[in-house]
Amino acid sequence: MNGVPVEHGLILAALLFTLGLAGLMFRRNMLFVLMSLEVMLNAAALAFIVGATAWGQPEGQAMFLLVITLAAAEAVVGLALMIQLHHRFRRLDLDAASRMQG
Amino acid sequence: MEIAFYVSALIAVLATIRVVTSFSPVHAVLYLIVSLLAVAMVFFALGAPFAGALEIIVYAGAIMVLFVFVIMMLQLGGEASAQERAWLQPRIWVGPALLAALLLLVLLSTILRGEAGEVISGELITATAVGGLLFGPWLMAVELAAFLLLAALVTASHVGRLERTPDEETGKGEPR
């Protein structure tokens with residue numbers, strides 16, 4: 001065996017993405033929802049890296065940097081919202097936020 | 001290189017399964033760190049050492065420490081995991097899991113019928129090439145990323161500010 005086929009890298013990215021999506025759908029705790037979002041963003045970044053190394057171009061790694069920036073910004077805003085949710089409702093149930101009324 | 005790729009891919013998938021099914025928040029964060037480190041190992045095996053180092057430093061180092069700090073701050077302990085155990089019944093998770101499996105089937109059939117045919121031989125893409133690209137033709141994207149980080153900073157410092165809850169305003173409880 002000489003080298004990894006590009007399909008295997010993309011299959012790994014698809015597996016991680018669907019795991020994150022499933023977690024996003026069946027979790028109600030906001031902390032787990034944010035972690036599932038991180039898993040999904042990480043899978044997208046992995047797909048970029050697989051593409052970059054398969055064709056030998058540095059653009060994919062530059063795109064990975066932008067994805068990681070986006071993930072950091074998303075985590076910060078999500079965690080700030082989570083602290084507010086915990087402060088107001090004393091729990092992390094996302095269904096409680098549907099009664100926030102603005 | 002192939003063995004490193006497949007072993008760390010297996011570790012990443014198993015750790016991610018434990019992230020979405022675990023009851024305790026702290027265990028989930030630790031499994032997520034393991035998953036991110038395994039993905040970083042995948043990057044090293046594929047020949048992207050710069051991306052692997054960034055994954056460890058920024059993802060596993062910075063973002064996950066943020067999660068751990070928030071868990072420590074909110075004191076999510078035993079009762080949180082008991083509540084999770086009560087929520088995570090089979091009738092809750094079977095439907096979403098089936099939908100996600102269907103999406104995975106569609107993705108897999110698309111990938112396998114795509115006939116990309118390339119083989120990653122593991123040749124290195126150095127940080128020099130990435131830096132030359134980022135600070136040459138992609139300079140505008142870097143500036144936009146800086147704007148995004150500034151916006152996230154302002155949003156976090158505004159949203160994360162704790163005001164008094166209504167019962168504290170009426171005199172009960174101590175102001176924070």
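Order of the sequence lines sets the chain letters (A, B, ...), proteins ahead of strands, with each chain counted from 1. When reading the values below, keep in mind they use all heavy atoms of this one structure, side chains included, and skip hydrogens, waters and symmetry mates.
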Pairwise distance CH2(Trp93(B)) to CZ(Arg27(A)) - rounded to 0.5 angstrom
12.0 Å
Minimum heavy-atom distance Ala152(B)-Ala73(A), with the two atoms named:
CB-CB, 3.6 Å
Against chain A, label Val130(B) side chain, backbone, both or neither, depending on which of its atoms sit under 4.5 Å from a heavy atom there.
both
With hydrophobic residues grouped by side-chain heavy-atom distances under 4.5 Å, do Leu105(B) and Leu103(B) end up in a single group?
no
Treat each ILVMFWY residue as a node, draw an edge where side-chain heavy atoms are under 4.5 Å apart, and state whether Met73(B) and Ile71(B) are in one component.
yes
Side chain, backbone, both or neither: which part of Gln57(A) has an atom under 4.5 Å from a heavy atom of chain B?
backbone
Between Val39(B) and Leu16(A), is any pair of side-chain heavy atoms under 4.5 Å apart?
yes
Identify the two heavy atoms, one from Leu19(A) and one from Val20(B), that lie closest to each other, and give their separation to 0.1 Å.
O-CG1, 3.6 Å
CZ/Phe44(B): more than 12 non-hydrogen atoms of other groups inside 6.0 Å
yes
ILVMFWY network linking Ile33(B) to Val65(B), side-chain heavy atoms under 4.5 angstrom
yes
Tyr6(B) and Val4(A): CA distance, side-chain angles, deciding distance, side-chain contact (heavy atoms from CB on, under 4.5 Å) verdict
CA-CA 9 Å; Tyr6(B) 289 110; Val4(A) 178; 4.1 Å; yes
Any side-chain heavy atom of Leu41(A) sitting closer than 4.5 Å to one from Tyr59(B)?
yes
Closest approach of Leu31(A) and Pro25(B), non-hydrogen atoms and distance?
CD2-CB, 3.4 Å
Can you tell me which portion of Ile92(B) sits under 4.5 Å from chain A's heavy atoms? Options are side chain, backbone, both or neither.
both
State the CZ-CG distance between Phe17(A) and Leu104(B), to the nearest 0.5 angstrom.
11.0 Å
Largest heavy-atom contact set with chain B, pairs under 4.5 Å, which of Val39(A), Leu70(A), Asn29(A):
Asn29(A)
Looking only at heavy atoms, the pair that brings Ala28(B) and Phe32(A) closest together is CB-CE2, 3.4 Å
Between the main-chain N or O of Val159(B) and the side-chain N or O of Gln84(A), is there a donor-acceptor pair closer than 3.5 Å?
yes
So do the side chains of Leu34(A) and Phe67(B) get within less than 4.5 Å of each other, counting heavy atoms only?
yes
Is Leu149(B) close to chain A through its backbone or its side chain, or both, or neither, when contacts mean heavy atoms under 4.5 Å?
side chain
Answer with side chain, backbone, both or neither: which region of Ser36(A) has an atom nearer than 4.5 Å to a non-hydrogen atom of chain B?
side chain
Verify side-chain contact (heavy atoms from CB on, under 4.5 Å) between Met63(A) and Trp138(B), making sure each step is shown before the conclusion.
CA-CA 10 Å; Met63(A) 208 54 213; Trp138(B) 281 40; 3.9 Å; yes
Audit row: Leu46(A), Phe43(B), side-chain contact (heavy atoms from CB on, under 4.5 Å) steps and yes/no
CA-CA 8 Å; Leu46(A) 173 65; Phe43(B) 291 168; 3.2 Å; yes
Contact class of Leu74(B) relative to chain A, heavy atoms under 4.5 angstrom:
both
I'd like to verify something: which residue of Ala141(B), Gly131(B), Ala129(B), Ala51(B) has the highest number of heavy-atom pairs under 4.5 Å with chain A?
Ala51(B)
Proximal component of Val29(B), with respect to chain A [non-hydrogen, under 4.5 Å]
both
Residue, of Met25(A), Met82(A), Gln61(A), that accumulates the most heavy atom pairs under 4.5 Å with chain B:
Gln61(A)
Determine the minimum heavy-atom distance between Ile63(B) and Ala71(A), stating which atoms define it.
CD1-C, 4.1 Å
Largest heavy-atom contact set with chain A, pairs under 4.5 Å, which of Ala62(B), Pro137(B), Ser22(B):
Ser22(B)
Sort Leu32(B) into side chain, backbone, both or neither according to what part of it lies under 4.5 angstrom from a heavy atom of chain A.
side chain
Please tell me if the side chains of Asn42(A) and Glu55(B) come closer than 4.5 Å, counting only heavy atoms from C-beta onward.
yes
Leu144(B) versus chain A, heavy atoms under 4.5 Å apart: side chain, backbone, both or neither?
neither
Do you know which of Leu21(A), Ile68(A), Val77(A) has the most heavy-atom pairs under 4.5 Å to chain B?
Ile68(A)
Would you compute the distance between atom CD1 of Ile11(A) and atom CG of Leu112(B) and round it to the nearest 0.5 angstrom?
4.5 Å
Check whether Leu148(B) and Leu150(B) end up in the same hydrophobic cluster, where Ile, Leu, Val, Met, Phe, Trp and Tyr are linked by side-chain heavy atoms less than 4.5 Å apart.
no
What about His8(A) and Phe5(B), are their ring centers closer than 6.0 Å?
no
Part of Val13(B) within contact of chain A (heavy atom distance under 4.5 Å)
both
To the nearest 0.5 Å, tell me how far Phe69(B) CZ sits from Leu79(A) CG.
12.0 Å
Which portion of Ile125(B) sits near chain A, non-hydrogen atoms under 4.5 angstrom
both
CE on Met35(A) to CE on Met64(B), rounded to 0.5 Å
7.5 Å
Flag the pair Phe64(A) / Phe50(B) as yes when their ring centroid distance falls below 6.0 Å, and as no otherwise.
no
Between Val58(B), Leu133(B), Leu134(B), Val142(B), which is the residue that forms a side-chain contact (heavy atoms from CB on, under 4.5 Å) with Leu65(A)?
Leu134(B)
Could you look at Leu66(A) and say if it's the side chain, the backbone, both or neither that has a heavy atom under 4.5 Å from chain B?
side chain
Val76(A) and Leu66(B): which non-hydrogen atoms are nearest, and at how many Å?
CG2-CD2, 3.7 Å
Once you round to the nearest 0.5 Å, how far does CZ of Arg88(A) lie from CG of Leu162(B)?
9.5 Å
By a 4.5 Å heavy-atom criterion (distance strictly below it), what part of Leu12(A) contacts chain B: side chain, backbone, both, or neither?
side chain
Side-chain heavy atoms under 4.5 angstrom apart, residues restricted to Ile, Leu, Val, Met, Phe, Trp, Tyr: same cluster for Leu10(B) and Leu108(B)?
no
